[in-house]
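Shown next, in structure tokens, is the structure this report addresses.
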Amino acid sequence: MNEKQRLETQKVATANSTDKKSEKDYSKYFETVYTPPSLRDAKRRGKEEIRYENDFAIPEKFRGMGEGRKFYIRTFGCQMNEHDTEVMAGIFMSLGYEPTNTVDDANVILLNTCAIRENAENKVFGELGHLKSLKTERPDLLLGVCGCMSQEESVVNKILKTYTQVDIIFGTHNIHRLPNILHEAYMSKEMVLEVWSKEGDVIENLPKVRNGKIKAWVNIMYGCDKFCTYCIVPFTRGKERSRRPEDIIQEVRQLAAQGYKEITLLGQNVNAYGKDFTDINYRLGDLMNEISKIDIPRVRFTTSHPRDFDDHLIEVLAQGGNMVEHIHLPVQSGSTDVLKIMARKYTREQYLELVRKMKAAIPNLTLTTDIIVGYPNETEEQFQETLSLYEEVGFEAAYTFIYSPREGTPAAKMKDNVPLEVKKERLQRLNALVNAKSAESMTSYKDQVVEVLVEGESKKHSHVLAGYTRKNKLVNFVGPKSAIGKLVKVKITDAKTWSLNGEMIEVIEAVEVN
């Protein structure tokens, strides 16, 4: 909710403070001030000023709040959610909390949620149900829901009405206010609700507890302005807003100095980076060009939108060096008519022309994608266009999904007229093609020597090491534990559908960066 709505909520809460029944009935007044997502209003948001805060700091009055207390965060969803968890963990530890990997001894439990698909939301509601007994046993436990689900009206209302054990609800724009939110929860002993509809600010110098010392995520921008008809992200994450290049470059240099071998630049629409700058002409290609000169072996980025993939970015990626030869480029459908209904704003032919440009500039490029099947009005012929596009592009992997409506999106108002049985059958056919093409691409690696960044032991066998190539292929091989965290050369001996087996040849002592 915006600041005006927030103040209205506080007034109502004060007015009801003497009425015990009204005091507990949060949904009664919340529904009167919460404004549902408006596509029309959201598309007008470009003029809103974004505040940049260059030096986040924990207020002195909150320091030591977490002494003797532990926190647990469970993360659902994408890399952006994972990165948000790293930031929240950093804030918790700056407050004096200790991390724990179990809910059993946690004093604060946060569920960092995803809103992309209904299944993700159901998992969160299921988890809240499991945690109810824990809250009953330990009344002092703080239980919170944060992340993208917290920005949805229907979800918040459901929590307010059904999951009364929840103490804290806050959104994706409010992470930097976690110390204030925790303080309010301890002091009031009532539910703390902070889900502003403000588009969000850019806060620098947030503490982070990174997951591992080998690979790191670097957020370069937030939000999305594309408004694909199926997607809730523009409402849960706000407008596109870019971090300043000097702050990003400084963070990447620090990661390189700390010995990280790979970074992934993150954004809901990462290659729209810089479009919101008014004082400089600076885009993702310019940023990647500068990062290519930093002594870090591998640089990736995700997730791209075909509309914003410009020629300059392709030119920079073609230079090689620490720019990897793998791009994830969601297409969603191979049918121009379906793409139009999705509001993707490109045609099948335009997507294929972009792929042609990429492959001409980067001959050894590997492409992966996202595809939705069973979109409203999708015909069998249109689905066949998706299959043919997959083959024509030569994708080596894909995330595939059955369409399901998300409340608050334009597509939710469309008639979901493709029967579930048809959706499932199309998904099976698509996945059969995806599996076949993945196996085919893996076979081509046999007897080749590849560079592998070793991440740790295999999930199945402790004596086997596992890591990924520059093209994001999983490789398993026997090697010394001392190789973990290093780049090694591996000769591929066997290819499976989704992974490779090999023999380690040598450790790469240094990697030259152009």
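All figures in this text were calculated on a predicted structure; none of them were measured in a lab.
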Handout entry: Main-chain N/O of Asp247 paired with Glu251 side-chain donor or acceptor, under 3.5 Å
Key = no
Practice task
Measure from the side-chain N and O atoms of Gln165 to the backbone N and O of Leu128, and report whether any donor-acceptor pair falls under 3.5 Å.
Solution key: yes
Exercise for the section: Sort and list the pairs that fulfil ring pair (Phe, Tyr, Trp, His ring centres under 6.0 Å) and have at least one residue in residues 321-345, not counting sequence neighbours. Expected result: His328-Tyr399
Practice task
Write out all pairs satisfying ring pair (Phe, Tyr, Trp, His ring centres under 6.0 Å) with one or both partners inside residues 418-441, taking only residues at least two apart or from two chains.
Solution key: none
Completion exercise
Between Glu325 and the options Lys473, Arg470, Arg300, the salt bridge (charged side-chain N to carboxylate O under 4.0 Å, His left out) test singles out Arg470
Exercise for the section: Would you indicate whether Phe309, at its atom CZ, is surrounded by more than 12 heavy atoms from other residues, nucleotides or ligands within a distance under 6.0 Å? Expected result: yes
Problem - Whether Tyr282 side chain and Tyr273 backbone form a donor-acceptor pair below 3.5 Å - result: no
Exercise for the section: Measure the acute angle between the ring planes of Phe395 and Tyr351, then classify it against the limits of 30° and 60° as parallel, tilted or perpendicular. Expected result: tilted
Practice task
Could you tell me whether a side-chain N or O of Gln268 sits under 3.5 Å from a main-chain N or O of Gly223, the two making a donor and an acceptor?
Solution key: yes
Exercise for the section: Taking atom types as modelled, find out whether Asn81 and Thr75 have a side-chain donor-acceptor pair closer than 3.5 angstrom. Expected result: no
Practice task
Answer yes when Lys423 and Asp416 have at least one side-chain N-carboxylate O distance shorter than 4.0 Å, and no when they do not.
Solution key: yes
Exercise for the section: Would you mind reporting whether Arg344 and Cys228 have side-chain heavy atoms less than 4.5 Å apart? Expected result: yes
Fill in the blank from the handout: Separation between OG1 (Thr303) and CG (Asp370), nearest 0.5 Å, reads 6.5 Å
Completion exercise
Paired with Gln332, the side chain to side chain contact (heavy atoms under 4.5 Å, CB included) test is passed by just one of Phe401, Tyr230, Tyr403, namely Tyr230
Exercise for the section: Kindly say whether the aromatic ring centers of Phe125 and Tyr163 come within a distance under 6.0 Å. Expected result: yes
Exercise for the section: Can you establish whether the number of heavy atoms outside Lys359 located under 6.0 Å from its atom NZ is more than 12? Expected result: yes
Handout entry: Trp217 side chain reached by Glu82 side chain, heavy atoms, under 4.5 Å
Key = yes
Handout entry: Residues Lys239 and Asp276 bridged, charged N to O under 4.0 Å
Key = no
Exercise for the section: Assess the side chains of Asn377 and Asn417: does a donor N or O sit below 3.5 Å from an acceptor N or O? Expected result: yes
Exercise for the section: List the steps, then state whether side-chain contact (heavy atoms from CB on, under 4.5 Å) holds for Ser388 with Glu391. Expected result: CA-CA 5 Å; Ser388 66; Glu391 294 206 62; 5.8 Å; no
Handout entry: Flag, side chain of Glu86 to backbone of Asn211, donor-acceptor distance under 3.5 Å
Key = yes
Practice task
Say whether, by atom type as modelled, one donor and one acceptor occur between the side chain of Thr162 and the main chain of Lys158 under 3.5 angstrom.
Solution key: yes
Practice task
For atom CG of Asn289, decide whether the heavy atoms of other residues, nucleotides or ligands shown that lie under 6.0 angstrom number more than 12.
Solution key: yes
Problem - Enclosure of Lys275 NZ (heavy-atom neighbours >12, cutoff 6.0 Å) - result: yes
Problem - 4.5 Å side-chain heavy-atom contact, Thr400 and Val373 - result: no
Fill in the blank from the handout: One should read off an interatomic distance between Cys231 SG and Asn269 CG, to the nearest 0.5 angstrom, of 10.5 Å
Problem - Worked check of salt bridge (charged side-chain N to carboxylate O under 4.0 Å, His left out) between Glu451 and Arg298 - result: CA-CA 11 Å; Glu451 176 193 283; Arg298 294 181 181 179; 3.1 Å; yes
Exercise for the section: Give a yes or no on whether the backbone of Gln428 and the side-chain of Asn431 come within a donor-acceptor separation of less than 3.5 Å. Expected result: no
Problem - Distance-only donor-acceptor check, side chains Tyr375 and Thr386, under 3.5 Å - result: no
Practice task
Would you mind listing every ring pair (Phe, Tyr, Trp, His ring centres under 6.0 Å) that reaches into residues 422-462, with sequence neighbours excluded?
Solution key: His461-His463
Handout entry: Test item: Ile214 and Glu262 side chains (from C-beta on) under 4.5 Å apart, heavy atoms
Key = no
Exercise for the section: Flag the pair Glu380 and Arg429 as a salt bridge only when some basic side-chain nitrogen lies within less than 4.0 angstrom of an acidic carboxylate oxygen. Expected result: yes
Handout entry: Interatomic spacing from SG in Cys146 to CD1 in Ile175 - rounded to 0.5 Å
Key = 6.5 Å
Fill in the blank from the handout: To the nearest 0.5 Å, atom OG of Ser441 lies from atom CH2 of Trp498 at 8.0 Å
Exercise for the section: Start with the C-alpha gap between Glu392 and Arg348, add the side-chain angles, then the distance that decides, and say whether salt bridge (charged side-chain N to carboxylate O under 4.0 Å, His left out) holds. Expected result: CA-CA 11 Å; Glu392 187 170 345; Arg348 173 191 177 97; 3.7 Å; yes
Practice task
Would you indicate whether the side-chain heavy atoms of Glu349 and Thr336 approach each other to under 4.5 Å?
Solution key: yes
Practice task
Would you indicate whether the side-chain heavy atoms of Ile508 and Val488 approach each other to under 4.5 Å?
Solution key: no
Problem - Point-to-point distance, once rounded to the nearest 0.5 Å, from NZ of Lys208 to CG of Asn219 - result: 8.5 Å
Practice task
Is it possible for you to check whether Lys491 lies under 6.0 Å from the centre of the six-membered ring of Phe477, through NZ or CZ, and within 45° of that ring's axis?
Solution key: no
Exercise for the section: Check the pair Met221, Arg241 against side-chain contact (heavy atoms from CB on, under 4.5 Å), reporting the backbone distance first and the verdict last. Expected result: CA-CA 6 Å; Met221 68 175 298; Arg241 53 207 190 275; over 6 Å; no
Practice task
Give a yes or no answer on whether the side chain of Ser335 reaches the backbone of Gln382 with a donor-acceptor pair at less than 3.5 Å.
Solution key: no
Handout entry: Within 6.0 angstrom of Lys489 NZ, more than 12 heavy atoms from elsewhere
Key = no
Practice task
Please answer whether the main-chain N or O of Asn364 pairs with a side-chain N or O of Lys471 as donor and acceptor at a distance below 3.5 Å.
Solution key: yes
Problem - Pairing of Lys424 and Glu421 as salt bridge, 4.0 angstrom limit - result: no
Handout entry: Distance in Å, Glu378 CD paired with Ile372 CD1, rounded so as to fall on 0.5 Å steps
Key = 10.0 Å
Handout entry: Check: Asn501 side chain, Thr493 main-chain N or O, donor-acceptor pair, under 3.5 Å
Key = no
Handout entry: Check: Asp310 and Arg283 side chains under 4.5 Å, non-hydrogen atoms
Key = yes
Exercise for the section: Determine, stepwise, if the pair Lys437 / Glu396 fulfils salt bridge (charged side-chain N to carboxylate O under 4.0 Å, His left out). Expected result: CA-CA 6 Å; Lys437 290 299 179 183; Glu396 296 189 11; over 6 Å; no
Practice task
Give a yes or no on whether Lys481 atom NZ has more than 12 heavy-atom contacts from other residues, nucleotides or ligands under 6.0 Å away.
Solution key: yes
